[in-house]
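Numbered from 1 within each chain, the chains take letters A, B, ... in sequence-line order.
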Amino acid sequence: MINPDFCRVEEVTLSLFIFARHIFHTQMSDRKIRVRFAPSPTGPLHIGGVRTALYNYLFARRNNGVMILRIEDTDQTRYVEGAEEYIMEALEWAGIKIDEGVREGGPHAPYRQSERKEIYRQYADLLLDKGDAYYAFDTQEELEKLRTEHESRSETFNYGSTTRMNMCNSLTLGSEEVRKRLDSGEHYVVRYRMPENEDIHFTDIIRGDIVVNTSTLDDKVLYKSDGMPTYHLANIVDDHLMEISHVIRGEEWLPSLPLHVMLYRSFGWTAPLFAHLPLLLKPTGKGKLSKRDGDKMGFPVFPLYWPYGETAHGYREDGYFPEAFVNMLALLGWNPGTEQELFSMDELIEAFSIDRVGKSGSRFDPEKAKWFNTQYFHRKSDKELAGLFMPLLKEKGFTPSEEALAKVVTLVRERAGFVADLWKESDFFFVAPESYDPEVLKKRWNEGSPALIKEMREVVAGIEPFTAQDSERVVKEWIAARGHNMGTVLNLFRLLIVGASRGPHLFDITGWIGRGETLRRLDNGLSRLSQRI
RNA sequence: GGUCCAUUCGUCUAGUGGUUAGGACGUCAGGUUUUCAUCCUGGUAACAGGGGUUCGAUUCCCCUAUGGACUACCA
């Protein structure tokens with residue numbers, strides 16, 4: 001039936017194919033760019049996580065690659081309801097688009113590790129068969145005890161080449177005993193058998209060449225007793241299966257890179273290229289940016305509102321534009337080498353390159369974050385800002401026409417950086433002052449003031465038409481004719497209209513609120529302040 | 001404690017074997033403005049320290065210091 005010659009031919013083609021494949025895989029530059037963002041759904045993403053996702057995304061788009069979202073939920077005990085949705089919503093808000101993922105699907109589905117459980121088992125077995133991994137039966141209590149004992153001697157217990165032969169595992173137990181324990185359903189883990197005293201060299205795109213001796217490494221658990229893989233196994237298997245070309249992740253993973261490199265070697269796979277991103281640090285003091293810093297220091301650490309913790313603030317709810325948020329994050333640890341600071345997402349994609357990412361951690365600066373938002377705010381049209389401002393006003397019970405509101409925006413926009421600032425800078429357009437700034441009062445209010453205001457009232461009542469331009473002309477003419485002091489009159493006027501020494505051009509305000517409201521505010525001020533003298 | 005990583009103005013950073021070490025945020029001063037703000041102009045301020053290598057090091061090497069990460073059947 002089978003022609004031996006045909007078999008031979010096939011063998012040759014097969015080995016040729018394998019050879020070609022080998023060439024293909026060793027020449028990374030030929031490989032299709034595929035990156036992944038792989039968060040754990042253990043809570044809300046913080047801005048460091050968003051930045052990691054962003055750099056992955058920029059890198060993918062820049063190189064016509066594919067962006068994958070993989071959910072790493074192998075720790076069932078830390079799973080948090082709603083976190084996965086939060087992550088996806090946050091990325092969406094930031095404009096980071098996913099090509100393959102739990103929601104989008106793709107050729108390597110499923111993209112949730114808990115649904116890939118069976119896959120990992122096979123690969124753990126592969127390592128077991130090869131002798132690069134072994135079963136360990138030590139209980140968590142026993143290990144805990146060893147650790148605390150070592151700690152009391154200020155040492156660290158290391159389950160590795162120097163200690164593994166004293167432990168309870170398939171290297172020490174004998175195959176029959178191991179079989180028996182396995183058959184009886186005893187709990188076990190699979191550990192990687194780290195070689196002894198071998199220097200392993202590897203390269204990080206950002207940090208360059210690194211050498212680590214395997215003797216300093218321990219026999220990491222790859223497969224847990226609950227039937228789930230640990231991060232290390234699942235990560236390597238999935239990155240390989242999903243054909244990830246570049247692993248771009250946080251610096252906290254750098255210490256486990258040697259292990260990962262060893263795993264690729266054990267499996268006989270070509271490892272992807274690695275880039276470990278520096279961490280985001282607290283604005284002041286020591287340490288990395290943490291979820292608690294936000295509320296303590298008055299800035300958000302989350303992209304979106306997270307309703308389940310004590311630290312709830314999100315950039316979206318605090319009024320940041322996603323473009324500004326992304327721009328700010330992109331420049332935190334990366335720079336284009338030019339003096340340009342403002343980038344749209346498309347410009348970021350165009351300019352991004354992974355080797356321009358810095359090596360050291362970046363302190364997060366809330367002031368600069370605000371500055372970015374202000375820049376984007378100032379670039380929006382009056383109409384757009386008015387549209388964003390309107391809901392806020394309606395909530396407060398005001399319903400100006402779109403044109404009227406656009407006019408207000410025109411007048412106050414330059415003093416605002418956020419939509420919410422618009423209200424703080426324009427409240428006097430809608431509400432008469434309730435009180436008067438004591439500082440200004442002290443400086444501007446004296447015995448002559450009531451008479452001056454009465455006189456001013458008559459002038460204002462006679463302005464026709466009641467436009468900003470005519471009002472200014474008439475009032476100034478009156479001031480000049482009567483020999484009043486310009487500053488005195490106008491500042492007093494402003495105080496009664498606004499309640500303080502702030503705001504846009506005075507006659508723009510009176511023109512907008514109208515003659516009736518202007519006179520009302522003058523009368524109000526007069527009756528309230530006259531008693532002061 | 002061990003392993004690994006990092007170190008340029010207060011902060012984000014550019015940069016080079018020979019530069020007046022550049023920009024931005026912040027801050028300060030002046031100008032514009034009837035107010036506040038914007039805006040404009042200007043100022044302030046840095047190569048962690050010590051050894052090498054070199055004619056010359058902020059730049060290359062080593063040490064120290066400092067900071068950071070990791071050190072789980074968490075990711």
Who are the side chain to side chain contact (heavy atoms under 4.5 Å, CB included) partners of A:E477, not counting sequence neighbours? A:R473
Separation of the C1' atoms in B:rU38 and B:rU33, to the nearest angstrom: 10 Å
Consider the side chain of A:L254, meaning its heavy atoms from C-beta on, and name the nucleotide among B:rC5, B:rC73, B:rU11 that approaches it most closely. B:rC5
Any base atoms under 4.0 Å from A:S256, or only sugar-phosphate, or nothing? Heavy atoms, all strands. nothing
Counting just side-chain N and O atoms, does A:R147 come under 4.0 Å of either OP1 or OP2 of B:rC73? yes
Does A:S362 make a side-chain N or O approach to OP1 or OP2 of B:rU13 shorter than 4.0 Å? yes
Return the 5'-most residue of the pair A:L281, A:T42 with respect to RNA chain B, ranking by each residue's nearest nucleotide. A:L281
Return yes if a side-chain donor-acceptor contact under 3.5 Å exists between A:D238 and A:Q113, otherwise no. yes
Ignoring hydrogens and geometry beyond distance, is the side chain of A:R78 in donor-acceptor contact with the base of B:rC74 at under 3.5 Å? yes
By nearest-nucleotide position on RNA chain B, the 5'-leaning member of A:R444 and A:K359 is A:K359
Within a 6.0 Å radius of atom NE2 on A:H187, are there more than 12 heavy atoms belonging to other residues, nucleotides or ligands? no
Which residues satisfy the side chain to side chain contact (heavy atoms under 4.5 Å, CB included) test with A:D218, sequence neighbours excluded? A:N158, A:K220
Given B:rG67, is OP1 or OP2 found less than 4.0 Å from the side-chain N or O atoms of A:K286? yes
Once you apply a heavy-atom cut-off of 4.0 Å, does A:I210 come out as touching a base, just sugar-phosphate, or nothing? sugar-phosphate
So, does A:K224 get its side chain near the phosphate of B:rC74, meaning an N or O under 4.0 Å from OP1 or OP2? yes
Does A:T156 contact B:rG2 through a side-chain donor or acceptor facing the base, at a distance under 3.5 Å? no
Taking atom C1' in both B:rG2 and B:rC61, what distance in whole Å separates the two? 25 Å
Phosphate contact (B:rA14 OP1 or OP2) by A:N335 side-chain N/O below 4.0 Å: yes
Nucleotide nearest A:E339 (side chain, heavy atoms from C-beta), chosen from B:rG22, B:rC73, B:rU13: B:rG22
Looking at B:rU11, I'd like to know if its phosphate oxygens (OP1 or OP2) sit under 4.0 Å from a side-chain N or O belonging to A:T284. no
Does A:R356 place a side-chain N or O at less than 4.0 Å from the phosphate oxygens OP1/OP2 of B:rG15? yes
Are any protein N/O atoms closer than 3.5 Å to N/O atoms in nucleotides 36-38 of chain B? If there are, list each pair with its distance.
unit_1 : atom_1 : unit_2 : atom_2 : d
B:rC36 : O4'    : A:S501 : O      : 2.8
B:rC36 : O2     : A:R415 : NH1    : 2.1
B:rC36 : O2     : A:G503 : N      : 3.3
B:rC36 : N3     : A:R415 : NH1    : 2.5
B:rC36 : N3     : A:G503 : O      : 3.4
B:rA37 : N1     : A:E414 : OE2    : 3.2
B:rA37 : N3     : A:E414 : OE2    : 3.4

